[in-house]
Amino acid sequence: MELDERKMKILQAIVKNYLETGEPVGSRTISKYTDLNLSSATIRNEMADLEEQGYILQPHTSAGRIPSDKGYRVYVDEMMRERETLLDDREKELEDMKDFLVEKVDRVETLLQNMAKVLATNTNYATMISTPHFHRNKLKFIQLSSVEDNQILCVMVLEGNIIKNKILKVNETLDNETILKLNILLNSTLNGLTLEQINLGMISRMTGQAGEQSELVRNVLDAVAEAFHAEKDMEIYTSGATNILKYPELSDSEKASRLIGTLEEKRLLTNLIADTGSEEDGGGIQIYIGNETPVQSMKDCSVVTATYELDDGLTGTIGVIGPKRMDYEKVVETLKTVKGQLDDAYKKIT
């Protein structure tokens, strides 16, 4: 059932007040909070209707009400519809993150770890971010070079300028001409291919052309396969797990232990990332409230995730985990800004 304007304003007032205080909200508070100029009795009647319709609930015998998951959902959807695309004064605060992100950072992993920490500090919630990846990565370049007697360094560059190194042993020291010919053979055959496109017929032709160095070519192909598989192993960085203890509704020892365990173990977070990738909206923001989250230990939380995309087409997921009464507007604005900042910072270190 669609809410009329009066009920919507009362619901919004209840949610906003509960976000600020964490305490059940009574009709008297709402009468001062809104511009409806309604009596407490009229507001009580409207609140009774909202409760009957499942938008608010009474946690105990007091007169106060708190939003239900359904009420939060209506509030968030309305907020997203009404929200202006321009950021408010928080934009400058978030802009200041850029200098911190790129300072003394020369690796994507360090950049992502810094971002998780900055987000946790800025929002006062727990945060997570996954490493960027391609669903079907391609090999861009291979470079063999002699580093020591009987050792060859194999440098593999994957799409997105992801670099993987592997030291390969050889039975004899190879001269520069032999290494050059192998580099030409490998790059002319493999450049631009995915792992699935490197078939047995291609491998057979390459080893035949390599002659005495056929074993080295096989080892290079094994290294390429390892590089592809390693890139599929997504890393997830988290920060601010203890922030959840600041919120009474999440500080219960059992709930907090499950939630912190999930953030530390990280394995279950892959379900959240997979769900974000399949259900995100056009703006790349997904909001899960209570039971909507695919992670069981987060059923008492709200989770806001965003898909970020880097310059080379790499994508990853960034998320904020907090109480249902989190400041949704601030979190959404923050994630939208951070998505762009990650791309800018990534360009400076690649």
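What's counted below: heavy atoms across the whole structure, side chains too, no hydrogens, waters or symmetry copies.
The minimum heavy-atom distance between Q197 and G192, with the atom names listed, is OE1-O, 4.0 Å. The two residues V170 and I152 have their closest heavy-atom pair at CG1-CG1, 3.9 Å. Taking all atoms of both residues into account, the shortest heavy-atom contact from N243 to A126 is CB-N, 4.3 Å. I287 and E292 get closest at one heavy-atom pair: O-OE1, 3.6 Å.
Between the side chain of T207 and the backbone N or O of S214, no donor-acceptor pair lies under 3.5 Å. When atom types are taken as modelled, the side chain of S68 and the backbone of Y55 share a donor-acceptor pair closer than 3.5 angstrom. Formation of a donor-acceptor pair under 3.5 Å by the Q213 side chain with backbone atoms of A210 is not found in this model. Judged by distance alone, with hydrogens and angles left aside, the side-chain atoms of K166 form no donor-acceptor pair with the main-chain N or O of M156 at under 3.5 Å. Proximity of a side-chain donor or acceptor of N187 to a complementary backbone N or O of F141 within less than 3.5 Å is not detected. With K299 contributing its side chain and T293 its backbone, the two residues share a donor-acceptor pair below 3.5 Å. A donor-acceptor contact shorter than 3.5 Å is absent between the side chain of S31 and the backbone of S40. Not one N or O on the side chain of S130 forms a donor-acceptor pair closer than 3.5 Å with the backbone of G316. Looking only at distances, no side-chain donor or acceptor of S204 sits under 3.5 Å from a matching main-chain atom of L200. Side-chain atoms of K70 come within 3.5 Å of backbone N or O of Q53 as a donor-acceptor pair.
Using a 4.5 Å cut-off between side-chain heavy atoms of Ile, Leu, Val, Met, Phe, Trp and Tyr, with links allowed through other members, L193 and L186 fall into the same hydrophobic cluster. Connection of I179 to L190 is established within a shared hydrophobic cluster, with ILVMFWY side chains joined at heavy-atom distances below 4.5 Å, either directly or through further cluster members. Residues V217 and I203 share a single hydrophobic cluster, defined by chaining ILVMFWY side chains whose heavy atoms lie under 4.5 Å apart. Connection of L195 to M202 is established within a shared hydrophobic cluster, with ILVMFWY side chains joined at heavy-atom distances below 4.5 Å, either directly or through further cluster members. Residues V220 and I167 do not share a hydrophobic cluster, clusters being chains of Ile/Leu/Val/Met/Phe/Trp/Tyr side chains in contact below 4.5 Å.
Distance OG/S39 to CG/N45: 8.0 Å, rounded to 0.5 Å. Taking NZ of K138 as the start and CG of L158 as the end, the distance is 12.5 Å to the nearest 0.5 Å. We find the CE-CG distance between M298 and L250 to be 11.0 Å, quoted to the nearest 0.5 Å. Between the CG atom in L11 and the OH atom in Y72 there is a gap of 10.5 Å [rounded to 0.5 Å]. Note that CD of Q12 and CG of N17 are 13.5 Å apart. Values are rounded to the nearest 0.5 Å. L185 contributes atom CG, which lies 10.0 Å from atom CG of L144 (distance to the nearest 0.5 angstrom).
For the residue pair N114 and K117, no side-chain donor N or O sits within less than 3.5 Å of a side-chain acceptor on the partner.
No salt bridge links K16 with E20; every basic N to acidic carboxylate O contact stays at or beyond 4.0 Å. Using a 4.0 Å cut-off between charged side-chain N and carboxylate O, D222 and R218 make no salt bridge. Using a 4.0 Å cut-off between charged side-chain N and carboxylate O, K324 and E249 make no salt bridge.
Within 6.0 Å of CG in N171 there are 12 or fewer heavy atoms belonging to other residues, nucleotides or ligands. Within 6.0 Å of atom CD in Q151, more than 12 heavy atoms from other residues, nucleotides or ligands are found, so the atom counts as buried in its surroundings. Heavy atoms from other residues, nucleotides or ligands lying under 6.0 Å from CG of D4 number more than 12.
Residues satisfying the side-chain hydrogen bond (donor to acceptor under 3.5 Å, both in side chains) criterion with S27, sequence neighbours excluded, are absent altogether. When the ring-ring contact (aromatic ring centres under 6.0 Å, His included) test is applied to Y328, no partner is found at least two apart in sequence or on another chain.
Cation-pi check for K339 over Y308 is not met; the charged atom does not lie both under 6.0 angstrom from the ring centroid and within 45 degrees of its normal.
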D77 vs R73, salt bridge (charged side-chain N to carboxylate O under 4.0 Å, His left out): CA-CA, chis, key distance, verdict: CA-CA 6 Å; D77 289 347; R73 171 50 59 194; 3.0 Å; yes
